[in-house]
Amino acid sequence: LLPQFTNSFEVNYTRQIEGGSFTFGTFFRRVNDEISTILYKDPNDLTNTKQIKSDGNFDGNNRYGVEMSSNYKVANWWRVNASLDFYSQTLKGIVAGAQSEVTNSTFNVRLSNSFTATKKLRFQLFAMYRGANEDLQFKTDPMWMINTGGNYSVLDGKGNITFRVNDIFQSMKFKFNSTVPFTQHGQFQGESQSAYIGFSYRFGGGKNRAKSRRDRDDNEKEGGGFI
């Protein structure tokens, strides 16, 4: 495989509003030698029914679109973070020995809610939707997921009891259709549905934590790296 290289250009505008902020942006991304999963016929299979799953490089991917996000305090007990992106892409590459090209559009939505029940108890509710998509070999169905959780402060604020449930309705299923190299329909169900409960306790005072954080940040800055 060749390394995948992306040139990304974007412009964003953020507006502060009463109770939060709103951001609008537009972007263009050029992906060279995009790495993607491919299926092809097994050349050693005399029955012509088997296929091999691998990874390969496509020629390129031009993607452009818009992004919107908002952080808003609906009420003293309710805060919302929402984001949406819509983009169109054109992919080119060789599939099953033939040059192919496909253009399609899709969108994704994410919504995160934080609820304050009391000074000690908070709840979270998260939802996401990923629109249908198409590449040179696969057409994928939409996917969605809902998670929830909570946090309860105990022991004068030094302890926390946390719980969360991911993919409540077990809806994160990757479904696809393809006609190359065979007409086929598939579905993958990962281990997205899970439940967690935990307890944490904070030792020491806030001054030590602040000093440790400053030392860590200084060390990272001295390295000269960036994200």
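If you're wondering where the values come from, they're calculated on a predicted model, not measured in any experiment. For the single chain, residues carry numbers from 1 onward in sequence order.
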Taking the side chain as C-beta and beyond, is there a heavy-atom pair between [X] and [Y] under 4.5 Å?
X	Y	value
Gln89	Thr103	no
Phe123	Asn151	no
Asn108	Phe86	no
Ile52	Pro43	yes
Asn133	Asn104	yes
Ser36	Gln137	no
Thr37	Lys53	yes
Leu136	Phe58	yes

Thr179: partners by side chain to side chain donor-acceptor pair (under 3.5 Å), with sequence neighbours left out: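 Per chain and number, Thr179 pairs via side chain to side chain donor-acceptor pair (under 3.5 Å) with no residue.
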Could you check whether any side-chain N or O of [X] sits under 3.5 Å from a backbone N or O of [Y], counting only pairs where one atom can act as donor and the other as acceptor?
X	Y	value
Thr162	Gly198	no
Ser178	Val180	yes
Arg202	Gly157	yes
Gln4	Ile35	yes
Asn57	Leu2	yes
Ser112	Leu125	no
Gln193	Asp167	yes

For [X], look at atom [atom1] and say whether over 12 heavy atoms of other residues, nucleotides or ligands are found less than 6.0 Å away.
X	atom1	result
Arg29	CZ	yes
Phe126	CZ	yes
Leu46	CG	no

Over all heavy atoms of both residues, which pair between [X] and [Y] is shortest? Give the atoms and the distance, please.
X	Y	result
Asn12	Gly25	OD1-CA, 3.3 Å
Ser100	Val95	OG-CB, 4.1 Å
Ile146	Ala127	CG1-CB, 4.1 Å

Verdict with reasoning, Asn32 to Glu34, per side-chain hydrogen bond (donor to acceptor under 3.5 Å, both in side chains): CA-CA 5 Å; Asn32 296 314; Glu34 179 176 356; over 6 Å; no
Full working for side chain to side chain contact (heavy atoms under 4.5 Å, CB included) between Trp78 and Lys73: CA-CA 6 Å; Trp78 181 14; Lys73 185 178 182 180; over 6 Å; no
Val74 with Met68, same ILVMFWY side-chain cluster at under 4.5 Å: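 In one cluster with Val74: Met68, yes.
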Matching residue for Glu67 among Phe27, Phe24, Tyr87 - test: side chain to side chain contact (heavy atoms under 4.5 Å, CB included):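 Answer after filtering Phe27, Phe24, Tyr87: Phe27.
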Determine whether the side chains of [X] and [Y] contain a donor N or O and an acceptor N or O closer than 3.5 Å.
X	Y	result
Arg30	Asn61	no
Thr6	Ser8	no
Asp59	Gln99	yes

Aromatic ring pairing Tyr201/Phe199, orientation class (parallel under 30°, perpendicular over 60°, tilted between):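 The rings of Tyr201 and Phe199 lie parallel, inter-plane angle below 30°.
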Parallel, tilted or perpendicular, as decided by the 30° and 60° cut-offs, for the rings of Phe176 and Phe138: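 It falls in the perpendicular class, over 60°.
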Salt bridge (charged side-chain N to carboxylate O under 4.0 Å, His left out) partners for Arg110, two or more places apart: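 Scan of Arg110 (salt bridge (charged side-chain N to carboxylate O under 4.0 Å, His left out), adjacent residues dropped) gives Asp85.
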Verdict with reasoning, Gln189 to Gln170, per side chain to side chain contact (heavy atoms under 4.5 Å, CB included): CA-CA 9 Å; Gln189 178 69 58; Gln170 205 169 2; 3.8 Å; yes
Step-by-step side chain to side chain contact (heavy atoms under 4.5 Å, CB included) determination, Val80 to Leu111: CA-CA 7 Å; Val80 176; Leu111 181 65; 3.4 Å; yes
Evaluation steps, side chain to side chain contact (heavy atoms under 4.5 Å, CB included), between Phe174 and Thr140: CA-CA 7 Å; Phe174 179 78; Thr140 58; 3.5 Å; yes
Trace of the ring-ring contact (aromatic ring centres under 6.0 Å, His included) decision for Tyr72 with Phe22: CA-CA 8 Å; Tyr72 186 69; Phe22 175 82; over 10 Å; no
Nearest 0.5 Å, please: how far is [atom2] in [Y] from [atom1] in [X]?
X	Y	atom1	atom2	result
Lys92	Ile94	NZ	CD1	13.0 Å
Ile17	Ser70	CD1	OG	5.0 Å
Phe182	Gln51	CZ	CD	6.0 Å

